[in-house]
Number of protein chains: 2
Amino acid sequence: MKIGQVAETTGTTTKTLRFYEAEGLLPPAGRTASGYRDYSEDIVGRIAFIHRGQAAGLTLAQIRQILKIRELGQTPCSHVRDLLGQRLTELDAQITELLALRETISQLSAQAAEPEPEACPADEVCRYL
Amino acid sequence: MKIGQVAETTGTTTKTLRFYEAEGLLPPAGRTASGYRDYSEDIVGRIAFIHRGQAAGLTLAQIRQILKIRELGQTPCSHVRDLLGQRLTELDAQITELLALRETISQLSAQAAEPEPEACPADEVCRYL
DNA sequence: ATGAACCTTCCAGTACAGTGGAAGGTCAAG
DNA sequence: CTTGACCTTCCACTGTACTGGAAGGTTCAT
C-alpha cells in the first residue's frame with residue numbers, strides 16, 4: 001500500500017501521515033527500492049486507533065504514550081484508565097466554566113438587545129461590555 | 001504613570017502591555033525625554049475594557065475591532081451586539097459538543113473500570129479505545 | 001560612583017495539530 | 001518521449017496570547 005491509498009482509506013492526508021511518522025505515532029514505514037513508503041495493511045488499524053483516541057479528546061502526546069507502552073509489550077490498560085478519568089475531570093471543569101460564561105454572555109446580550117442605541121456614553125468604549 | 005505602575009494597577013505585566021501596544025490594542029504610549037513610556041490615567045480604563053472583553057470570551061482580534069470602531073468616532077454598539085450573539089451561538093455549540101464527548105468518555109471509563117486486565121487482546125492496542 | 005531596580009528594543013519560543021510550498025525523483029500511459 | 005500524477009525531503013507558516021532572555025540605557029539612593 002502506498003501512502004496515497006492509506007490516506008484515502010483512513011480519511012487523512014499524506015501530509016498528516018508523514019507528520020505522524022515524524023512524531024513517532026506511526027512506526028517508520030517500509031520503503032520500495034525507489035524510496036517510496038510501502039505500508040502493510042495493519043497500519044490502517046493503528047491510524048483508526050489514533051482517530052478513536054482523538055475522538056475521546058486525547059492529545060497526540062497522550063496517544064503516543066499509550067502506543068509506546070504497547071510497543072514495549074506491556075498492556076496500557078491502567079494508563080488508559082487514568083487518562084480517561086483525568087479527561088473526564090477536565091471535561092467537567094471545562095463544561096462548568098463554559099456554562100458560567102454562557103450565563104454572562106447571555107445577560108450582556110440581553111442588555112445589548114434593548115433598543116437604546118443613542119444612550120451610549122461618549123467617554124466609554126461600549127456600555128455593553 | 002510608567003509602565004510598571006500600569007501593569008500593577010491593572011493586574012498585567014509590562015510584557016503584556018508592550019504586546020498590546022504592538023498589536024494595536026493600546027494606542028502608542030507617550031514617551032519621556034529618555035524614551036520611557038509615559039501613560040495617562042485613562043489607559044487603565046482601556047485595559048479594563050480589554051479584560052472585560054476577554055472575560056466575555058472575545059478574542060483579542062475582536063476586541064481590537066471594537067476599539068478601532070470606537071476610535072473612528074462611531075458607536076460600536078451594533079457590532080458588539082453581533083459579536084455577543086455570535087459568541088452565544090458558538091458557546092452553545094461548544095457546550096453541546098463537550099457534553100456529547102463527556103458521555104463517550106464516561107462510557108469508556110466505565111468499561112475500563114471493570115476488573116479484567118488480563119482480557120486485553122494481544123493484537124489490539126487497547127480494548128478500551 | 002556604584003549598585004539595584006527599573007526601562008528600552010528585538011528575536012525567539014511556547015503548545016497544538018497540522019498545512020503550504022519549493023525543488024526534485026518516479027511511474028505508467030499515450 | 002513526454003505529460004501528468006504521484007512520491008520524496010526540508011523549511012516555514014498557520015492561530016492564540018503571550019513569555020523568556022539578551023544586550024543595553026536610565027534613575028535613584030547610598
Side-chain angles (χ1 to χ4, degrees), chain A residues 1-26 28-39 43 46-67 83 86-87 90-91 94 97-98 101, chain B residues 1-26 28-39 43 46-67 83 86-87 90-91 94 97-98 101:
Chain A
M1 269 185 116
K2 49 180 165 173
I3 196 169
Q5 229 180 326
V6 175
E8 207 173 336
T9 61
T10 58
T12 34
T13 64
T14 58
K15 282 280 188 194
T16 301
L17 292 174
R18 289 190 204 103
F19 171 72
Y20 283 174
E21 182 178 325
E23 294 292 304
L25 285 149
L26 295 179
R31 300 291 176 134
T32 65
S34 59
Y36 282 25
R37 280 179 183 76
D38 188 16
Y39 293 95
I43 199 73
R46 178 123 177 185
I47 294 161
F49 177 79
I50 295 173
H51 286 340
R52 285 197 302 277
Q54 285 194 300
L58 301 179
T59 65
L60 291 186
Q62 292 173 322
I63 296 168
R64 180 173 41 217
Q65 272 189 355
I66 299 173
L67 256 12
L83 280 176
Q86 199 183 308
R87 191 76 197 98
E90 282 168 20
L91 266 180
Q94 220 178 328
E97 215 175 300
L98 283 185
L101 185 53
Chain B
M1 270 181 117
K2 50 181 165 171
I3 196 169
Q5 229 181 326
V6 176
E8 206 173 339
T9 60
T10 58
T12 34
T13 65
T14 58
K15 281 278 186 195
T16 301
L17 292 173
R18 289 191 203 102
F19 171 73
Y20 282 175
E21 182 178 326
E23 293 293 302
L25 285 149
L26 296 177
R31 300 291 177 133
T32 65
S34 59
Y36 281 26
R37 280 179 183 75
D38 189 17
Y39 292 95
I43 200 73
R46 179 121 177 186
I47 294 160
F49 177 79
I50 294 173
H51 286 341
R52 286 198 301 278
Q54 285 194 299
L58 300 180
T59 65
L60 291 185
Q62 291 172 323
I63 296 169
R64 178 173 42 217
Q65 272 189 356
I66 299 173
L67 256 13
L83 280 177
Q86 198 182 308
R87 190 78 197 96
E90 282 168 20
L91 266 180
Q94 220 178 327
E97 217 175 300
L98 284 185
L101 185 53

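Any value given below was found using the heavy atoms of this structure, including those in side chains, with hydrogens, waters and symmetry copies removed. All figures in this text were calculated on a predicted structure; none of them were measured in a lab. Each chain gets a letter, A, B and so on, in the order the sequences are listed, and its residues count up from 1.
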Enquirer: Could you give me the CA-CA distance, side-chain angles and deciding distance for B:R87 and B:E90, then say whether salt bridge (charged side-chain N to carboxylate O under 4.0 Å, His left out) is met?
Expert: CA-CA 5 Å; B:R87 190 78 197 96; B:E90 282 168 20; 2.8 Å; yes
Enquirer: If you compare every side-chain N and O of B:T16 against the phosphate oxygens of D:dT19 (OP1, OP2), does one of them come in below 4.0 Å?
Expert: yes
Enquirer: Rounded to the nearest 0.5 Å, how far does OG1 of B:T12 lie from NE2 of B:H51?
Expert: 5.0 Å
Enquirer: With side chains defined as the heavy atoms from C-beta onward, is the minimum distance between A:T9 and A:I47 less than 4.5 Å?
Expert: no
Enquirer: To the nearest 10 degrees, what angle separates the axes at the start and end of the helix from C:dA1-D:dT30 to C:dG30-D:dC1, five pairs each?
Expert: 30°
Enquirer: Which pairs with one or both residues in residues 47-64 of chain A pass salt bridge (Lys or Arg N to Asp or Glu O under 4.0 Å), sequence neighbours excluded?
Expert: A:E23-A:R64
Enquirer: Sugar-phosphate atoms are those with a prime plus P, OP1 and OP2; base atoms are the rest. Using that split, label each nucleotide of nucleotides 2-17 of chain C B, S or - for protein heavy atoms under 4.0 Å, 5' to 3'.
Expert: ----BSBB-------B
Enquirer: List the atom of A:L67, the atom of A:L25, and the distance in Å for their closest heavy-atom pair.
Expert: CD2-O, 3.7 Å
Enquirer: A quick test of your reading: do over 12 heavy atoms of other residues, nucleotides or ligands sit less than 6.0 Å from CD of B:E8?
Expert: no
Enquirer: Mind calculating the distance between CD (B:E21) and C1' (D:dA17) to the nearest angstrom?
Expert: 17 Å
Enquirer: Closest heavy-atom contact between B:R37 and B:A29?
Expert: CG-CB, 3.8 Å
Enquirer: Closer than 4.0 Å, any side-chain N/O of A:S34 to the OP1 or OP2 of D:dC7?
Expert: no
Enquirer: Is there side-chain contact between A:I63 and A:F49, with heavy atoms separated by less than 4.5 Å?
Expert: yes
